[in-house]
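Below: one structure, written as C-alpha coordinates.
Counting convention: from 1, in listed order, for ligands and their atoms alike.
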Amino acid sequence: MTDHNLAVIILAAGRGTRMKSATPKILHPLAGRPLVAHVLATARQLRPSLVIAVVRHERDAVVATISDYFPESVIVDQDDVPGTGRAVEVALAALPTDFEGDVVVISGDVPLLDSATLAALVASHRAANAAATVLSAILDDATGYGRVIRSADGALDRIVEQQDATAAELAVTEINSGTYVFRVGPLRAQLALVGTENTQKEKYLTDVLGLLRGAGAAIEAVPVSESWIVAGVNDRVQLADAARRMNTQILRRWQLAGVTVQDPATTWIDADVTLAEDVELLPGTQLKGATLVARGAKIGPDTTLVDCEVGEDAVVKRTDATLAVIGAAASVGPFAYLRPGTWLGAGGKIGTFVEVKNSTIGADSKVPHLSYIGDATIGEHTNLGAGAITANYDGVNKNPTVIGSHVHAGSHNVFVAPVTVGDGAYTGAGAVVRKDVPAGALAITVAPQRNMGGWTVANRAGTAGAEAAAAASDRSDG
Ligand code: UD1
Ligand code: MG
(Lines give C-alpha, C1' and ligand atoms only; values in the text may rest on other atoms or scores of the structure.)
(Ligands and ions follow the chains in the order given, each with its own letter.)
Protein backbone atom coordinates (compact mmCIF):
# COMPACT_ATOMS: atom_id res chain seq x y z
CA MET A 1 0.00 0.00 0.00
CA THR A 2 3.02 2.31 0.38
CA ASP A 3 3.19 4.88 -2.43
CA HIS A 4 6.84 4.51 -3.42
CA ASN A 5 6.57 7.55 -5.65
CA LEU A 6 5.54 9.84 -2.82
CA ALA A 7 7.54 11.60 -0.09
CA VAL A 8 6.27 14.17 2.40
CA ILE A 9 8.29 17.10 3.73
CA ILE A 10 7.00 18.76 6.90
CA LEU A 11 8.32 22.28 7.47
CA ALA A 12 8.87 22.71 11.19
CA ALA A 13 11.93 24.93 11.53
CA GLY A 14 10.18 28.29 12.01
CA ARG A 15 10.28 30.33 15.20
CA GLY A 16 6.59 30.75 15.94
CA THR A 17 7.33 34.18 17.42
CA ARG A 18 3.70 35.30 17.48
CA MET A 19 2.73 32.62 20.01
CA LYS A 20 4.84 34.50 22.59
CA SER A 21 5.55 31.26 24.38
CA ALA A 22 8.35 29.30 26.00
CA THR A 23 6.83 26.25 24.31
CA PRO A 24 7.66 25.85 20.61
CA LYS A 25 4.57 26.68 18.56
CA ILE A 26 4.11 23.27 16.97
CA LEU A 27 4.24 21.58 20.38
CA HIS A 28 1.23 23.49 21.70
CA PRO A 29 -1.59 21.04 22.33
CA LEU A 30 -4.69 20.79 20.21
CA ALA A 31 -7.32 18.14 20.99
CA GLY A 32 -4.84 16.42 23.29
CA ARG A 33 -1.95 16.16 20.84
CA PRO A 34 0.83 18.57 19.92
CA LEU A 35 0.02 20.53 16.75
CA VAL A 36 2.71 18.76 14.77
CA ALA A 37 1.33 15.33 15.75
CA HIS A 38 -1.84 16.08 13.77
CA VAL A 39 0.28 16.94 10.75
CA LEU A 40 2.34 13.76 11.20
CA ALA A 41 -0.85 11.68 11.39
CA THR A 42 -2.11 13.25 8.16
CA ALA A 43 1.23 12.63 6.45
CA ARG A 44 1.26 9.01 7.57
CA GLN A 45 -2.23 8.40 6.18
CA LEU A 46 -0.93 9.22 2.69
CA ARG A 47 1.35 6.16 3.05
CA PRO A 48 4.39 7.86 1.52
CA SER A 49 7.71 6.08 1.17
CA LEU A 50 9.31 8.70 3.41
CA VAL A 51 8.36 11.52 5.77
CA ILE A 52 11.03 14.17 6.33
CA ALA A 53 10.69 16.82 9.03
CA VAL A 54 12.82 19.96 8.81
CA VAL A 55 13.72 21.43 12.20
CA ARG A 56 15.81 24.24 13.63
CA HIS A 57 14.11 26.36 16.27
CA GLU A 58 13.91 24.50 19.66
CA ARG A 59 15.29 21.56 17.74
CA ASP A 60 15.64 19.01 20.54
CA ALA A 61 12.15 19.43 21.96
CA VAL A 62 10.62 19.35 18.49
CA VAL A 63 12.62 16.28 17.48
CA ALA A 64 11.65 14.45 20.68
CA THR A 65 7.96 14.99 19.95
CA ILE A 66 8.22 14.08 16.28
CA SER A 67 10.11 10.89 17.11
CA ASP A 68 7.54 10.08 19.76
CA TYR A 69 4.58 10.33 17.40
CA PHE A 70 6.25 9.09 14.23
CA PRO A 71 9.55 7.30 14.92
CA GLU A 72 10.05 6.42 11.23
CA SER A 73 10.25 10.05 10.17
CA VAL A 74 13.61 11.39 9.03
CA ILE A 75 14.81 14.53 10.79
CA VAL A 76 16.75 17.13 8.83
CA ASP A 77 18.33 20.25 10.34
CA GLN A 78 17.98 23.50 8.45
CA ASP A 79 21.13 25.60 8.27
CA ASP A 80 21.58 29.37 8.61
CA VAL A 81 19.93 30.23 5.31
CA PRO A 82 16.37 31.28 6.17
CA GLY A 83 13.20 30.56 4.28
CA THR A 84 10.83 27.83 3.21
CA GLY A 85 12.81 27.26 0.02
CA ARG A 86 15.95 26.51 1.96
CA ALA A 87 14.00 24.22 4.29
CA VAL A 88 12.79 22.15 1.35
CA GLU A 89 16.25 22.17 -0.24
CA VAL A 90 17.89 20.62 2.81
CA ALA A 91 15.06 18.08 3.06
CA LEU A 92 15.55 16.99 -0.54
CA ALA A 93 19.13 16.07 0.29
CA ALA A 94 17.73 13.37 2.59
CA LEU A 95 15.78 11.71 -0.22
CA PRO A 96 17.33 8.63 -1.83
CA THR A 97 19.11 9.74 -5.03
CA ASP A 98 17.02 7.38 -7.13
CA PHE A 99 13.73 8.85 -5.88
CA GLU A 100 11.86 10.15 -8.90
CA GLY A 101 8.34 10.65 -7.63
CA ASP A 102 6.33 13.50 -6.12
CA VAL A 103 7.08 15.48 -3.02
CA VAL A 104 4.27 16.82 -0.84
CA VAL A 105 5.26 19.89 1.21
CA ILE A 106 3.17 20.81 4.25
CA SER A 107 3.69 23.06 7.27
CA GLY A 108 3.91 21.75 10.81
CA ASP A 109 1.45 24.41 11.95
CA VAL A 110 -1.55 23.49 9.77
CA PRO A 111 -3.28 20.93 11.98
CA LEU A 112 -6.71 20.81 10.33
CA LEU A 113 -5.44 19.68 6.95
CA ASP A 114 -6.79 16.16 6.37
CA SER A 115 -5.36 13.33 4.33
CA ALA A 116 -8.37 13.21 1.97
CA THR A 117 -7.68 16.80 0.90
CA LEU A 118 -4.00 15.99 0.40
CA ALA A 119 -4.72 12.77 -1.48
CA ALA A 120 -7.05 14.70 -3.80
CA LEU A 121 -4.30 17.27 -4.38
CA VAL A 122 -1.81 14.52 -5.28
CA ALA A 123 -4.37 12.90 -7.60
CA SER A 124 -5.07 16.21 -9.33
CA HIS A 125 -1.34 16.90 -9.69
CA ARG A 126 -0.73 13.52 -11.26
CA ALA A 127 -3.78 13.68 -13.53
CA ALA A 128 -2.59 17.07 -14.86
CA ASN A 129 0.98 15.77 -15.16
CA ALA A 130 2.00 19.01 -13.46
CA ALA A 131 5.47 19.92 -12.23
CA ALA A 132 3.91 21.68 -9.24
CA THR A 133 0.43 21.93 -7.76
CA VAL A 134 -0.41 24.43 -5.02
CA LEU A 135 -3.35 24.07 -2.68
CA SER A 136 -4.88 27.54 -2.62
CA ALA A 137 -7.79 29.07 -0.73
CA ILE A 138 -10.14 31.97 -1.34
CA LEU A 139 -10.25 34.20 1.75
CA ASP A 140 -12.30 37.26 2.64
CA ASP A 141 -9.19 38.68 4.26
CA ALA A 142 -5.97 37.54 2.63
CA THR A 143 -3.69 39.61 4.87
CA GLY A 144 -0.38 37.94 5.65
CA TYR A 145 -0.55 35.25 2.98
CA GLY A 146 1.25 34.84 -0.32
CA ARG A 147 -1.11 35.73 -3.20
CA VAL A 148 -1.84 33.38 -6.11
CA ILE A 149 -1.26 35.39 -9.29
CA ARG A 150 -2.96 34.00 -12.39
CA SER A 151 -2.45 35.18 -15.96
CA ALA A 152 -5.32 36.46 -18.12
CA ASP A 153 -6.27 32.93 -19.20
CA GLY A 154 -6.65 31.91 -15.55
CA ALA A 155 -3.50 29.76 -15.45
CA LEU A 156 -1.24 30.00 -12.41
CA ASP A 157 1.60 32.40 -13.11
CA ARG A 158 3.44 32.77 -9.79
CA ILE A 159 3.04 33.42 -6.08
CA VAL A 160 3.97 36.73 -4.55
CA GLU A 161 4.53 37.22 -0.84
CA GLN A 162 2.53 39.87 1.01
CA GLN A 163 5.70 41.83 1.78
CA ASP A 164 6.71 41.91 -1.88
CA ALA A 165 3.30 42.45 -3.48
CA THR A 166 2.07 45.50 -5.40
CA ALA A 167 -1.24 47.14 -4.45
CA ALA A 168 -2.98 45.29 -7.29
CA GLU A 169 -1.52 41.96 -6.15
CA LEU A 170 -2.55 42.62 -2.57
CA ALA A 171 -6.16 42.90 -3.74
CA VAL A 172 -6.10 39.25 -4.85
CA THR A 173 -8.10 37.02 -2.47
CA GLU A 174 -6.78 33.65 -3.64
CA ILE A 175 -3.91 32.74 -1.32
CA ASN A 176 -1.16 30.15 -1.12
CA SER A 177 -2.02 27.73 1.69
CA GLY A 178 1.61 26.60 1.97
CA THR A 179 0.67 23.07 0.88
CA TYR A 180 2.09 21.78 -2.40
CA VAL A 181 2.93 18.75 -4.52
CA PHE A 182 6.08 18.94 -6.66
CA ARG A 183 7.70 16.54 -9.08
CA VAL A 184 11.09 16.08 -7.47
CA GLY A 185 13.28 16.70 -10.55
CA PRO A 186 11.92 20.14 -11.50
CA LEU A 187 11.75 21.11 -7.81
CA ARG A 188 15.44 20.35 -7.28
CA ALA A 189 16.44 22.11 -10.47
CA GLN A 190 14.54 25.34 -9.77
CA LEU A 191 15.30 25.53 -6.03
CA ALA A 192 18.98 25.74 -6.91
CA LEU A 193 18.19 28.96 -8.79
CA VAL A 194 16.17 30.67 -6.04
CA GLY A 195 17.94 33.54 -4.31
CA THR A 196 17.17 35.69 -1.30
CA GLU A 197 16.59 39.02 -3.07
CA ASN A 198 13.32 39.96 -1.42
CA THR A 199 12.01 42.06 1.44
CA GLN A 200 12.56 39.30 4.00
CA LYS A 201 15.97 38.22 2.62
CA GLU A 202 14.74 34.62 2.67
CA LYS A 203 14.91 31.81 0.18
CA TYR A 204 11.23 31.50 -0.75
CA LEU A 205 9.83 28.13 -1.80
CA THR A 206 7.13 30.08 -3.58
CA ASP A 207 9.67 31.48 -6.07
CA VAL A 208 9.95 27.96 -7.53
CA LEU A 209 6.50 28.32 -9.09
CA GLY A 210 7.30 31.41 -11.14
CA LEU A 211 10.60 29.83 -12.22
CA LEU A 212 8.85 26.62 -13.29
CA ARG A 213 6.33 28.62 -15.26
CA GLY A 214 9.14 30.57 -16.90
CA ALA A 215 10.79 27.27 -17.87
CA GLY A 216 7.57 26.20 -19.57
CA ALA A 217 6.52 23.59 -17.00
CA ALA A 218 2.87 22.95 -16.13
CA ILE A 219 1.93 24.41 -12.73
CA GLU A 220 -1.49 24.49 -11.12
CA ALA A 221 -3.28 26.04 -8.16
CA VAL A 222 -6.27 24.10 -6.85
CA PRO A 223 -8.55 25.86 -4.36
CA VAL A 224 -9.42 23.90 -1.23
CA SER A 225 -13.11 23.09 -0.63
CA GLU A 226 -13.31 25.09 2.62
CA SER A 227 -10.68 27.57 3.68
CA TRP A 228 -10.55 26.54 7.37
CA ILE A 229 -8.92 23.27 6.32
CA VAL A 230 -5.67 25.11 5.56
CA ALA A 231 -5.81 27.61 8.42
CA GLY A 232 -2.39 27.96 10.01
CA VAL A 233 -1.76 28.51 13.70
CA ASN A 234 0.49 31.50 14.24
CA ASP A 235 -0.91 33.04 17.44
CA ARG A 236 -3.15 32.00 20.31
CA VAL A 237 -6.27 33.40 18.71
CA GLN A 238 -5.73 31.09 15.76
CA LEU A 239 -4.89 28.26 18.16
CA ALA A 240 -8.28 28.62 19.86
CA ASP A 241 -10.04 28.88 16.49
CA ALA A 242 -8.33 25.71 15.29
CA ALA A 243 -9.18 23.91 18.53
CA ARG A 244 -12.85 24.84 18.21
CA ARG A 245 -12.93 23.74 14.58
CA MET A 246 -11.19 20.45 15.29
CA ASN A 247 -13.53 19.81 18.22
CA THR A 248 -16.52 20.36 15.94
CA GLN A 249 -15.11 17.78 13.53
CA ILE A 250 -14.47 15.27 16.33
CA LEU A 251 -17.94 15.77 17.86
CA ARG A 252 -19.54 15.36 14.47
CA ARG A 253 -17.67 12.12 13.87
CA TRP A 254 -18.90 10.69 17.18
CA GLN A 255 -22.43 11.98 16.71
CA LEU A 256 -22.60 10.17 13.37
CA ALA A 257 -21.23 7.07 15.14
CA GLY A 258 -24.16 7.07 17.58
CA VAL A 259 -23.10 9.31 20.46
CA THR A 260 -25.57 11.87 21.85
CA VAL A 261 -23.93 15.23 22.47
CA GLN A 262 -26.48 17.42 24.22
CA ASP A 263 -24.50 20.62 23.97
CA PRO A 264 -21.73 20.65 21.34
CA ALA A 265 -20.73 24.17 22.38
CA THR A 266 -19.56 23.03 25.84
CA THR A 267 -18.41 19.48 25.05
CA TRP A 268 -14.74 18.87 24.24
CA ILE A 269 -13.36 15.56 23.05
CA ASP A 270 -9.67 14.90 22.39
CA ALA A 271 -8.54 13.25 19.17
CA ASP A 272 -7.54 9.98 20.87
CA VAL A 273 -10.79 9.36 22.80
CA THR A 274 -12.91 6.32 21.92
CA LEU A 275 -16.68 6.22 22.40
CA ALA A 276 -19.27 3.49 21.82
CA GLU A 277 -22.81 3.75 20.48
CA ASP A 278 -25.44 5.23 22.76
CA VAL A 279 -22.97 7.04 24.94
CA GLU A 280 -24.64 10.23 26.17
CA LEU A 281 -22.60 13.35 26.88
CA LEU A 282 -24.25 16.10 28.92
CA PRO A 283 -23.22 19.78 28.86
CA GLY A 284 -19.80 20.75 30.16
CA THR A 285 -18.15 17.38 29.49
CA GLN A 286 -14.44 17.17 28.61
CA LEU A 287 -13.06 13.79 27.55
CA LYS A 288 -9.29 13.91 27.35
CA GLY A 289 -6.31 11.77 26.48
CA ALA A 290 -7.01 8.13 25.73
CA THR A 291 -10.36 8.03 27.52
CA LEU A 292 -12.60 5.17 26.49
CA VAL A 293 -16.36 5.08 27.17
CA ALA A 294 -18.45 1.95 26.63
CA ARG A 295 -21.96 1.64 25.26
CA GLY A 296 -24.81 3.37 27.04
CA ALA A 297 -22.70 5.23 29.59
CA LYS A 298 -23.88 8.71 30.55
CA ILE A 299 -21.22 11.32 31.27
CA GLY A 300 -21.78 14.80 32.70
CA PRO A 301 -22.89 17.40 33.21
CA ASP A 302 -19.66 19.24 34.10
CA THR A 303 -17.31 16.27 34.04
CA THR A 304 -13.65 16.00 33.05
CA LEU A 305 -12.21 12.55 32.38
CA VAL A 306 -8.51 12.23 31.57
CA ASP A 307 -7.24 8.83 30.39
CA CYS A 308 -10.21 7.06 32.01
CA GLU A 309 -12.12 3.92 31.13
CA VAL A 310 -15.89 3.92 31.70
CA GLY A 311 -17.93 0.70 31.50
CA GLU A 312 -21.29 0.06 29.87
CA ASP A 313 -24.25 1.96 31.27
CA ALA A 314 -22.18 3.66 33.96
CA VAL A 315 -23.30 7.13 35.10
CA VAL A 316 -20.65 9.76 35.87
CA LYS A 317 -21.94 13.14 37.07
CA ARG A 318 -20.04 16.33 37.92
CA THR A 319 -16.78 14.45 38.33
CA ASP A 320 -13.08 15.12 37.83
CA ALA A 321 -11.18 11.90 37.13
CA THR A 322 -7.72 10.97 35.90
CA LEU A 323 -6.48 7.45 35.12
CA ALA A 324 -9.54 5.86 36.71
CA VAL A 325 -11.44 2.75 35.68
CA ILE A 326 -15.21 2.85 36.28
CA GLY A 327 -17.04 -0.45 35.96
CA ALA A 328 -20.22 -1.29 34.08
CA ALA A 329 -23.40 0.18 35.57
CA ALA A 330 -21.35 1.89 38.26
CA SER A 331 -22.28 5.33 39.51
CA VAL A 332 -19.89 8.21 40.22
CA GLY A 333 -20.63 11.66 41.61
CA PRO A 334 -22.04 14.19 41.75
CA PHE A 335 -18.89 15.99 42.96
CA ALA A 336 -16.42 13.12 42.98
CA TYR A 337 -12.64 13.40 42.55
CA LEU A 338 -10.99 10.27 41.18
CA ARG A 339 -7.23 10.32 41.15
CA PRO A 340 -4.88 7.92 39.36
CA GLY A 341 -5.29 4.27 40.24
CA THR A 342 -8.97 4.39 41.13
CA TRP A 343 -10.72 1.18 40.09
CA LEU A 344 -14.46 0.88 40.70
CA GLY A 345 -16.12 -2.47 40.06
CA ALA A 346 -19.35 -3.15 38.22
CA GLY A 347 -22.41 -1.74 39.94
CA GLY A 348 -20.26 0.09 42.47
CA LYS A 349 -20.73 3.62 43.70
CA ILE A 350 -18.43 6.52 44.46
CA GLY A 351 -20.83 9.20 45.61
CA THR A 352 -20.98 12.83 46.60
CA PHE A 353 -17.88 14.68 47.82
CA VAL A 354 -15.75 11.56 47.69
CA GLU A 355 -12.04 11.53 46.80
CA VAL A 356 -10.41 8.25 45.80
CA LYS A 357 -6.84 7.49 44.77
CA ASN A 358 -4.89 4.32 44.11
CA SER A 359 -7.72 2.14 45.42
CA THR A 360 -9.83 -0.76 44.31
CA ILE A 361 -13.51 -0.72 45.19
CA GLY A 362 -15.08 -4.07 44.31
CA ALA A 363 -18.28 -4.83 42.45
CA ASP A 364 -21.46 -3.50 44.07
CA SER A 365 -19.49 -1.82 46.86
CA LYS A 366 -20.41 1.70 47.79
CA VAL A 367 -18.64 4.75 49.17
CA PRO A 368 -21.60 7.06 48.94
CA HIS A 369 -20.84 10.26 50.88
CA LEU A 370 -18.10 12.62 52.09
CA SER A 371 -15.13 10.26 52.11
CA TYR A 372 -11.44 9.94 51.36
CA ILE A 373 -10.25 6.53 50.19
CA GLY A 374 -6.53 6.17 49.45
CA ASP A 375 -4.32 3.09 49.01
CA ALA A 376 -7.28 0.86 49.89
CA THR A 377 -8.58 -2.45 48.62
CA ILE A 378 -12.27 -2.96 49.23
CA GLY A 379 -14.07 -6.20 48.43
CA GLU A 380 -17.53 -6.69 46.94
CA HIS A 381 -20.95 -5.71 48.31
CA THR A 382 -19.34 -3.60 51.03
CA ASN A 383 -20.84 -0.34 52.21
CA LEU A 384 -18.88 2.42 53.90
CA GLY A 385 -20.95 4.91 55.91
CA ALA A 386 -20.86 8.65 55.35
CA GLY A 387 -17.54 10.26 56.20
CA ALA A 388 -15.27 7.20 55.84
CA ILE A 389 -11.60 8.15 55.87
CA THR A 390 -8.60 5.96 55.22
CA ALA A 391 -5.74 7.50 57.20
CA ASN A 392 -3.17 6.17 54.76
CA TYR A 393 -0.28 8.51 55.53
CA ASP A 394 1.68 8.32 58.78
CA GLY A 395 3.85 11.27 57.87
CA VAL A 396 6.52 9.05 56.36
CA ASN A 397 4.90 6.21 54.47
CA LYS A 398 1.66 5.55 52.64
CA ASN A 399 0.01 2.45 54.14
CA PRO A 400 -2.69 0.16 52.81
CA THR A 401 -6.19 -0.41 54.10
CA VAL A 402 -7.83 -3.72 53.24
CA ILE A 403 -11.58 -4.05 53.72
CA GLY A 404 -13.26 -7.33 52.82
CA SER A 405 -16.56 -8.14 51.15
CA HIS A 406 -20.03 -7.64 52.67
CA VAL A 407 -18.59 -5.25 55.25
CA HIS A 408 -20.86 -2.60 56.79
CA ALA A 409 -18.84 0.30 58.13
CA GLY A 410 -20.64 2.84 60.29
CA SER A 411 -20.70 6.54 59.64
CA HIS A 412 -17.64 8.67 60.26
CA ASN A 413 -15.08 5.89 60.51
CA VAL A 414 -11.34 6.38 60.31
CA PHE A 415 -9.32 3.39 59.10
CA VAL A 416 -5.80 3.96 60.43
CA ALA A 417 -3.59 2.14 57.95
CA PRO A 418 -2.12 -0.38 57.76
CA VAL A 419 -5.30 -2.13 58.86
CA THR A 420 -7.52 -4.97 57.67
CA VAL A 421 -11.24 -5.49 58.12
CA GLY A 422 -12.46 -9.04 57.47
CA ASP A 423 -15.42 -10.19 55.38
CA GLY A 424 -18.87 -9.58 56.80
CA ALA A 425 -17.56 -7.39 59.65
CA TYR A 426 -19.41 -4.36 61.04
CA THR A 427 -18.00 -1.19 62.57
CA GLY A 428 -19.83 1.24 64.82
CA ALA A 429 -20.49 4.89 64.07
CA GLY A 430 -17.47 7.08 64.73
CA ALA A 431 -15.08 4.13 65.03
CA VAL A 432 -11.37 4.81 64.75
CA VAL A 433 -10.19 1.43 63.48
CA ARG A 434 -6.54 1.05 64.50
CA LYS A 435 -6.48 -2.74 64.89
CA ASP A 436 -7.52 -5.41 62.43
CA VAL A 437 -11.18 -6.44 62.62
CA PRO A 438 -11.70 -10.21 62.20
CA ALA A 439 -14.29 -11.45 59.74
CA GLY A 440 -17.79 -11.26 61.14
CA ALA A 441 -16.85 -9.10 64.20
CA LEU A 442 -18.43 -5.82 65.26
CA ALA A 443 -15.78 -3.23 66.07
CA ILE A 444 -16.71 -0.39 68.40
CA THR A 445 -14.08 2.09 69.51
CA VAL A 446 -16.16 4.94 70.85
CA ALA A 447 -16.72 5.12 74.67
CA PRO A 448 -20.30 4.42 75.80
CA GLN A 449 -22.40 7.54 76.08
CA ARG A 450 -22.99 9.04 79.57
CA ASN A 451 -25.72 11.69 80.12
CA MET A 452 -25.16 14.11 83.01
CA GLY A 453 -28.61 15.47 83.81
CA GLY A 454 -29.09 19.21 84.37
CA TRP A 455 -25.56 19.99 83.20
CA THR A 456 -26.44 23.04 81.08
CA VAL A 457 -28.57 24.78 83.71
CA ALA A 458 -25.90 24.10 86.37
CA ASN A 459 -22.86 25.05 84.29
CA ARG A 460 -24.12 27.57 81.72
CA ALA A 461 -26.62 29.55 83.74
CA GLY A 462 -28.00 32.61 81.95
CA THR A 463 -27.42 31.34 78.44
CA ALA A 464 -30.20 30.83 75.91
CA GLY A 465 -29.38 27.14 76.02
CA ALA A 466 -29.88 27.03 79.77
CA GLU A 467 -33.22 28.82 79.42
CA ALA A 468 -34.35 26.42 76.71
CA ALA A 469 -33.25 23.46 78.79
CA ALA A 470 -35.14 24.78 81.85
CA ALA A 471 -38.28 25.38 79.74
CA ALA A 472 -38.07 21.84 78.32
CA SER A 473 -37.68 20.46 81.81
CA ASP A 474 -40.73 22.49 83.04
CA ARG A 475 -42.81 21.14 80.15
CA SER A 476 -41.92 17.53 80.89
CA ASP A 477 -42.54 18.10 84.65
CA GLY A 478 -46.00 19.59 83.92
C1 UD1 B 1 4.36 30.91 3.78
C2 UD1 B 1 4.35 31.13 2.26
C3 UD1 B 1 3.11 31.93 1.89
C4 UD1 B 1 1.89 31.22 2.36
C5 UD1 B 1 1.97 30.92 3.85
C6 UD1 B 1 0.82 30.02 4.25
C7 UD1 B 1 6.67 31.22 1.61
C8 UD1 B 1 7.79 32.09 1.20
N9 UD1 B 1 5.53 31.81 1.89
O10 UD1 B 1 4.46 32.20 4.36
O11 UD1 B 1 3.06 32.12 0.49
O12 UD1 B 1 0.74 32.01 2.08
O13 UD1 B 1 3.19 30.24 4.16
O14 UD1 B 1 0.80 29.86 5.62
O15 UD1 B 1 6.82 30.01 1.66
N16 UD1 B 1 9.72 27.28 7.92
C17 UD1 B 1 10.87 26.52 7.94
N18 UD1 B 1 12.08 27.14 7.72
C19 UD1 B 1 12.17 28.46 7.47
C20 UD1 B 1 10.98 29.22 7.42
C21 UD1 B 1 9.79 28.61 7.64
O22 UD1 B 1 10.83 25.32 8.19
O23 UD1 B 1 13.28 28.96 7.29
C24 UD1 B 1 8.45 26.62 8.16
C25 UD1 B 1 7.69 27.21 9.32
O26 UD1 B 1 8.01 26.54 10.53
C27 UD1 B 1 6.25 26.98 8.91
C28 UD1 B 1 6.29 27.03 7.39
O29 UD1 B 1 7.63 26.81 7.03
O30 UD1 B 1 5.81 25.69 9.31
C31 UD1 B 1 5.81 28.36 6.84
O32 UD1 B 1 6.66 29.37 7.34
P33 UD1 B 1 6.14 30.79 7.72
O34 UD1 B 1 7.25 31.61 8.21
O35 UD1 B 1 4.93 30.69 8.57
O36 UD1 B 1 5.76 31.31 6.26
P37 UD1 B 1 4.79 32.47 5.93
O38 UD1 B 1 5.53 33.74 5.98
O39 UD1 B 1 3.56 32.35 6.71
MG1 MG C 1 2.87 30.97 8.61
Side-chain angles (χ1 to χ4, degrees), residues 8-19 24-28 34-36 38-40 42-43 52-59 61-63 65-66 75-92 94 104-113 132 134-139 141-149 156 158-165 169-170 172-180 182 187 190-191 194-211 221 223-224 227-235 238-239 242:
V8 177
I9 296 174
I10 298 176
L11 303 185
R15 290 204 147 266
T17 323
R18 283 168 283 172
M19 289 298 278
K25 173 169 84 173
I26 58 173
L27 302 191
H28 275 258
L35 276 180
V36 71
H38 293 283
V39 179
L40 288 165
T42 301
I52 303 169
V54 187
V55 300
R56 180 172 163 85
H57 179 68
E58 293 282 359
R59 184 232 184 245
V62 170
V63 168
T65 299
I66 292 175
I75 306 290
V76 170
D77 289 279
Q78 190 172 346
D79 57 16
D80 286 339
V81 182
T84 48
R86 182 60 181 172
V88 169
E89 199 170 27
V90 295
L92 289 179
V104 168
V105 176
I106 52 181
S107 291
D109 60 357
V110 183
L112 299 167
L113 181 64
V134 182
L135 187 62
S136 68
I138 315 289
L139 300 186
D141 178 8
T143 308
Y145 289 95
R147 306 298 204 278
V148 169
I149 308 301
L156 173 59
R158 67 205 152 84
I159 290 171
V160 59
E161 290 308 294
Q162 159 106 14
Q163 292 84 344
D164 306 304
E169 288 166 343
L170 286 177
V172 171
T173 56
E174 185 176 10
I175 61 98
N176 166 27
S177 73
T179 302
Y180 323 75
F182 294 98
L187 175 61
Q190 301 305 333
L191 258 183
V194 173
T196 56
E197 305 80 32
N198 50 56
T199 316
Q200 303 186 87
K201 305 276 176 273
E202 289 183 4
K203 186 158 180 160
Y204 291 163
L205 177 60
T206 43
D207 281 354
V208 165
L209 293 144
L211 288 171
V224 72
S227 60
W228 60 260
I229 293 173
V230 293
V233 174
N234 294 304
D235 58 35
Q238 292 172 334
L239 180 66

If the cut-off is 4.0 Å to any non-hydrogen atom of Gly83, which atoms of ligand 1 fall inside it?
18 (N), 19 (C), 20 (C), 23 (O)
For Ile52, run the side-chain contact (heavy atoms from CB on, under 4.5 Å) check against Ile10, Val76, Ile75, Val88 and tell me which one passes.
Val76
Within a distance under 4.0 Å of any heavy atom of Gly14, pick out the atoms of ligand 1 and give their elements.
16 (N), 17 (C), 22 (O), 25 (C), 26 (O)
Please determine if Tyr145 has a nitrogen or oxygen closer than 3.5 Å to a nitrogen or oxygen of ligand 1.
no
With a 4.5 Å heavy-atom cut-off, do Glu202 and Thr196 have their side chains touching?
no
So is there a nitrogen or oxygen of Leu11 less than 3.5 Å from a nitrogen or oxygen in ligand 1?
yes
Asp164 bridged to Arg147 by N-O distance under 4.0 Å:
no
Does Glu161 approach ligand 1 within less than 4.0 angstrom via side chain, backbone, both or neither, non-hydrogen atoms only?
side chain
Is ligand 1 less than 4.0 angstrom away from at least one heavy atom of Ser177?
yes
Within the 4.5 Å heavy-atom criterion, are Asn176 and Leu209 side-chain neighbours or not?
no
Hey, is ligand 1 close enough to Gly178 that some N/O pair sits below 3.5 Å?
no
Assess Asp109 for proximity to ligand 1: is some non-hydrogen atom of it under 4.0 Å away?
yes
Would you say Ile159 and ligand 1 have an N/O pair spaced under 3.5 Å apart?
no
Qualifying residue for side-chain contact (heavy atoms from CB on, under 4.5 Å) with Tyr180, from Leu135, Thr206, Leu187
Thr206
Would you say that Val148 contacts Leu156 through its side chain, given a criterion of any heavy-atom pair below 4.5 Å between the two side chains?
yes
So which of Asn198, Ile106, Thr84 gets nearest to atom 32 (O) of ligand 1, if we judge by its closest heavy atom?
Thr84
Determine the sole option in Asp79, Asp80, Asp77 for which the salt bridge (charged side-chain N to carboxylate O under 4.0 Å, His left out) test with Arg56 is passed.
Asp80
If you compare all heavy atoms of Val54 against all heavy atoms of Ala91, which two are closest, and at what distance to 0.1 Å?
CG2-CB, 3.7 Å
Numbering as shown, the atoms of ligand 1 that approach Gly108 to under 4.0 Å (heavy-atom distance):
30 (O)
Is there a side-chain contact between His28 and Leu239, using heavy atoms and a 4.5 Å cut-off?
yes
Just so I know, are the side chains of Glu161 and Thr199 near enough to count as touching, which here means a heavy-atom distance under 4.5 Å?
no
Check: Asn234 N/O within less than 3.5 Å of ligand 1 N/O
no
Would you please determine whether Val54 falls within less than 4.0 Å of ligand 1 on a heavy-atom basis?
no
Check whether any N or O atom of Ala13, backbone or side chain, sits under 3.5 Å from an N or O atom of ligand 1, and answer yes or no.
yes
Is Gln78 close to ligand 1, meaning an N/O of one under 3.5 Å from an N/O of the other?
yes
Proximity to ligand 1 by part of Ala87, non-hydrogen separation under 4.0 Å:
side chain
